[in-house]
Amino acid sequence: MSKIIFHPDSIEIKQYEFQVSNIRSSPVIPIDQINEVNLNTFPPSIVINHNEVIFIETRYKVDFIKYVKDKKLKVNNRFDIWGAINEDFLDTEFTAQHKKRTLNNLEVNGIQREEVEDIRKEVEDIMQGWAAIAWEWNYLGHYDLLLNKKQSFLLLFPREFYWWSMEIALRNYQAVE
């Protein structure tokens, strides 16, 4: 059974990974509610309702990209805020210059340095050691954060954490009607 169905005027996502998402109760997303497509995230994502990032499973990436092109959906490969925040938890040694550049990029994208430190402290327990089992050896993003939080809480995924993470992910999002 396919979890994602690309209909002519909508995308249907069955059994979405995160139960607190709005699409769990309404799995059909009309094309006109897709605000943007971001291929910079892993897996690729869409923004709906100007406030929620929905991830498209990697196994559907080829079909998704074809659908995006066919339907001429707005692609905006924004800077990946969570990818930059979570760099600290990768099993990679970054130079001081790279770390400074990351902090500068986060600042330009709406996250001040002090807040970066606070956010990293907030997610440290759930992200520490996660790189060993992450999808990509050199990337930990928003999806990884949510997936790990889900594993930590099983069926009791905290709604406020989910929406807090969305607000951070969308700091550099510009709603254009």
Side-chain angles (χ1 to χ4, degrees), residues 4 11 13 16-27 29 31 33-58 60-61 64-65 68 73-90 94 98-99 101-128 130-131 133-136 138-153 157-177:
I4 299 180
I11 297 176
I13 303 177
Y16 188 58
E17 192 82 45
F18 307 109
Q19 66 272 23
V20 298
S21 169
N22 287 331
I23 67 166
R24 284 294 285 239
S25 61
S26 183
I29 306 165
I31 286 179
Q33 288 183 7
I34 298 173
N35 309 119
E36 77 173 23
V37 172
N38 191 337
L39 303 174
N40 269 355
T41 59
F42 186 88
S45 61
I46 60 176
V47 174
I48 62 169
N49 304 319
H50 302 292
N51 73 343
E52 186 172 7
V53 177
I54 302 296
F55 295 96
I56 306 298
E57 288 184 38
T58 305
Y60 299 102
K61 183 176 181 175
F64 176 63
I65 291 172
V68 167
L73 297 177
K74 178 186 173 195
V75 176
N76 184 6
N77 291 323
R78 287 180 295 108
F79 176 76
D80 184 355
I81 290 173
W82 276 111
I85 290 171
N86 289 336
E87 267 187 5
D88 251 25
F89 306 111
L90 289 169
F94 292 105
H98 178 90
K99 289 178 183 183
R101 190 170 46 247
T102 297
L103 289 172
N104 287 339
N105 284 333
L106 283 165
E107 203 163 4
V108 166
N109 285 279
I111 312 286
Q112 301 305 310
R113 292 170 191 257
E114 302 78 27
E115 188 177 11
V116 172
E117 291 174 27
D118 292 342
I119 293 169
R120 284 178 173 161
K121 285 178 190 166
E122 178 74 26
V123 301
E124 182 175 23
D125 287 347
I126 59 173
M127 293 308 289
Q128 207 68 323
W130 184 240
I133 56 173
W135 293 102
E136 292 281 308
N138 62 349
Y139 175 83
L140 286 172
H142 192 192
Y143 181 77
D144 299 300
L145 173 75
L146 292 173
L147 194 60
N148 201 24
K149 187 71 167 180
K150 178 184 171 190
Q151 300 301 328
S152 302
F153 280 82
F157 194 100
R159 174 175 288 285
E160 46 297 329
F161 182 88
Y162 182 81
W163 292 107
W164 171 77
S165 78
M166 291 297 159
E167 187 275 325
I168 291 168
L170 295 171
R171 288 275 177 95
N172 59 354
Y173 170 75
Q174 302 274 321
V176 178
E177 294 293 331

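For the pair Gln128 and Asp88, the minimum side-chain heavy-atom distance is 4.5 Å or more. No side-chain heavy atom of Phe94 sits under 4.5 Å from any side-chain heavy atom of Thr102. Proximity of Met166 to Tyr162: side-chain heavy atoms (C-beta onward) are separated by under 4.5 Å at one or more points. Side-chain contact check for Phe89 versus Asp144: every heavy-atom pair is 4.5 Å or farther apart. Side chains of Val108 and Asn172 form no contact here, defined as non-hydrogen atoms less than 4.5 Å apart. Lys99 has its side chain out of reach of Glu87: every pair of non-hydrogen atoms, C-beta onward, lies at least 4.5 Å apart. With a 4.5 Å cut-off on side-chain heavy atoms, Tyr173 and Ile81 do not count as touching. Taking 4.5 Å as the limit, every side-chain heavy atom of Leu145 sits out of range of all side-chain heavy atoms of Leu140.
Heavy atoms only, all atoms of each residue included: Ile13 and Ile56 are closest at CD1-CD1, 4.0 Å. The minimum heavy-atom distance between Pro158 and Lys149, with the atom names listed, is CG-CE, 3.7 Å. Closest of all the heavy-atom pairs between Val47 and Asn51 is CG1-N, 4.3 Å. Scanning all heavy atoms of the two residues, the minimum distance from Asn40 to Asn77 falls at ND2-O, 3.0 Å. When all heavy atoms of Ala84 and Phe79 are compared, the pair lying nearest together is CB-CZ, 3.5 Å. In plain terms, the two heavy atoms of Ser21 and Ile54 that are nearest each other are OG-CD1, 3.6 Å.
Between the side chain of Lys150 and the main chain of Glu17, a donor-acceptor pair closer than 3.5 Å is present. In terms of modelled atom types and a separation under 3.5 Å, the side chain of Asn35 and the main chain of Asn49 share a donor-acceptor contact. With hydrogens and angles ignored, the 3.5 Å screen pairs a side-chain donor or acceptor of Arg78 with a backbone N or O of Ala169.
Once rounded to the nearest 0.5 Å, the distance linking CD of Glu57 with CZ of Phe64 reads 12.5 Å. Rounded to the nearest 0.5 Å, atoms CD1 (Ile29) and CD (Glu52) are 8.0 Å apart. If you take OG1 on Thr41 and CD1 on Ile46, they are separated by 10.5 Å, rounding to the nearest 0.5 Å. For the atom pair CZ (Phe161) and CG (Leu146), the distance works out to 6.5 Å, reported to the nearest 0.5 Å. Atoms CD and NE2, from Gln33 and His50 in turn, are 9.5 Å apart once rounded to the nearest 0.5 Å. In this structure, CG on Asp80 lies 11.5 Å from CG on Asn105, to the nearest 0.5 angstrom.
Here the rule is ring pair (Phe, Tyr, Trp, His ring centres under 6.0 Å) with Tyr143, and of Phe42, Tyr16, Trp82, Phe55 only Phe55 fits it.
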Original post:
After noting the C-alpha distance and the side-chain angles of Arg113 and Asn104, does the key distance pass the side chain to side chain contact (heavy atoms under 4.5 Å, CB included) rule?
Top reply: CA-CA 8 Å; Arg113 292 170 191 257; Asn104 287 339; 2.2 Å; yes
